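Please read the structure below before turning to the comments.
The shown structure was predicted, so the numbers you read here are calculated from the model rather than taken from an experiment.
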Amino acid sequence: KASPTLTLSMHGFMRTNGLQSFYQLKNYGSANFNVNKSFLKRKASVVLAINDIFNTRNVQFKIQQAGIYAIGERLNDNRKIGLTLRYNFGIKPKEENKGFMNMPADIGK
């Protein structure tokens with residue numbers, strides 16, 4: 001958290017020298033970045049998401065079995081940028097509406 005209303009996150013994966021079916025795969029992965037900003041007393045938020053920042057999700061492969069030798073590369077453009085706007089119109093979750101034993105929280109005060 002950069003501030004109470006601003007959240008930054010980065011996540012990703014890396015696969016190293018793996019096998020899929022009979023194909024030998026080289027290293028590949030992906031790095032993703034998100035920024036989430038809340039405002040208007042946390043009723044509204046804006047989310048910016050960027051996927052595959054470094055364009056590293058291209059997979060190189062080879063197969064060498066029973067006299068078959070082939071190499072190749074699977075090229076994908078997985079880079080995406082998304083902007084999401086959300087607004088909560090005041091509907092509260094069920095947990096906030098209920099007090100002890102499903103009774104209003106202000107009974108007995």
Side-chain angles (χ1 to χ4, degrees):
K1 285 192 168 191
S3 73
T5 60
L6 181 66
T7 305
L8 307 172
S9 65
M10 185 170 182
H11 59 280
F13 74 94
M14 181 176 178
R15 186 170 180 178
T16 59
N17 294 331
L19 289 173
Q20 185 174 9
S21 299
F22 295 107
Y23 293 99
Q24 298 172 4
L25 306 177
K26 296 286 184 183
N27 299 340
Y28 69 96
S30 178
N32 308 312
F33 186 70
N34 293 323
V35 178
N36 188 336
K37 174 69 175 164
S38 299
F39 51 96
L40 297 175
K41 295 182 183 178
R42 296 191 182 206
K43 286 194 172 269
S45 66
V46 175
V47 179
L48 175 67
I50 305 171
N51 294 338
D52 199 12
I53 298 169
F54 304 116
N55 196 26
T56 54
R57 204 161 179 186
N58 297 327
V59 182
Q60 295 177 354
F61 60 88
K62 72 177 181 177
I63 185 170
Q64 186 174 2
Q65 184 179 17
I68 299 171
Y69 182 74
I71 59 173
E73 184 172 11
R74 181 176 163 191
L75 300 174
N76 294 326
D77 190 5
N78 294 310
R79 294 175 291 179
K80 297 176 187 158
I81 297 176
L83 182 64
T84 306
L85 303 171
R86 290 188 206 145
Y87 185 79
N88 182 354
F89 289 99
I91 301 170
K92 294 183 180 179
K94 291 181 181 179
E95 295 82 26
E96 291 181 16
N97 290 335
K98 294 180 181 177
F100 178 72
M101 304 266 313
N102 295 333
M103 294 191 176
D106 60 351
I107 289 181
K109 290 185 180 178

To the nearest 0.5 angstrom, please state how far the CD1 atom of I50 sits from the CG atom of L83.
-> 10.5 Å
R15 atom CZ, over 12 foreign heavy atoms within 6.0 Å | yes
Within a radius of less than 6.0 Å around CD1 of I71, do more than 12 heavy atoms belonging to other residues, nucleotides or ligands occur?
-> no
Are F61 and M14 grouped together when hydrophobic residues (ILVMFWY) are joined by side-chain heavy atoms under 4.5 angstrom apart?
-> no
What distance do N17 atom CG and L19 atom CG have between them, rounded to the nearest 0.5 Å?
-> 9.0 Å
Among all residues two or more places apart in sequence or in another chain, which pass the side-chain contact (heavy atoms from CB on, under 4.5 Å) test with A49?
-> N34
Which pairs with one or both residues in residues 26-60 pass ring-ring contact (aromatic ring centres under 6.0 Å, His included), sequence neighbours excluded?
-> none
side-chain contact (heavy atoms from CB on, under 4.5 Å) partners of L75, counting only residues at least two apart | N58, E73
Residues that S45 engages under side-chain contact (heavy atoms from CB on, under 4.5 Å), provided they are two or more places apart | N36, S38, R86
For N32, the side chain to side chain donor-acceptor pair (under 3.5 Å) test, sequence neighbours excluded, returns S30
From Y23 OH over to Q65 CD, what is the distance, rounded to the nearest 0.5 angstrom?
-> 10.5 Å
Run the side-chain donor-acceptor check on residues 5-13: report pairs under 3.5 Å with partners two or more places apart or on a different chain.
from: T5; atom 1: OG1; to: K37; atom 2: NZ; distance (Å): 2.8

Counterpart residues, side chain to side chain donor-acceptor pair (under 3.5 Å), relative to T84 (two or more places apart) | none
Quick one: salt bridge (charged side-chain N to carboxylate O under 4.0 Å, His left out) partners of R79, sequence neighbours excluded?
-> D77
Using the test ring pair (Phe, Tyr, Trp, His ring centres under 6.0 Å), find all partners of Y69 that sit at least two apart in sequence or belong to another chain.
-> none
Sequence neighbours excluded, the answer for side-chain contact (heavy atoms from CB on, under 4.5 Å) partners of L85 is V46
Could you tell me the separation between the CZ atom of R74 and the CZ atom of R57, rounded to the nearest 0.5 Å?
-> 8.5 Å
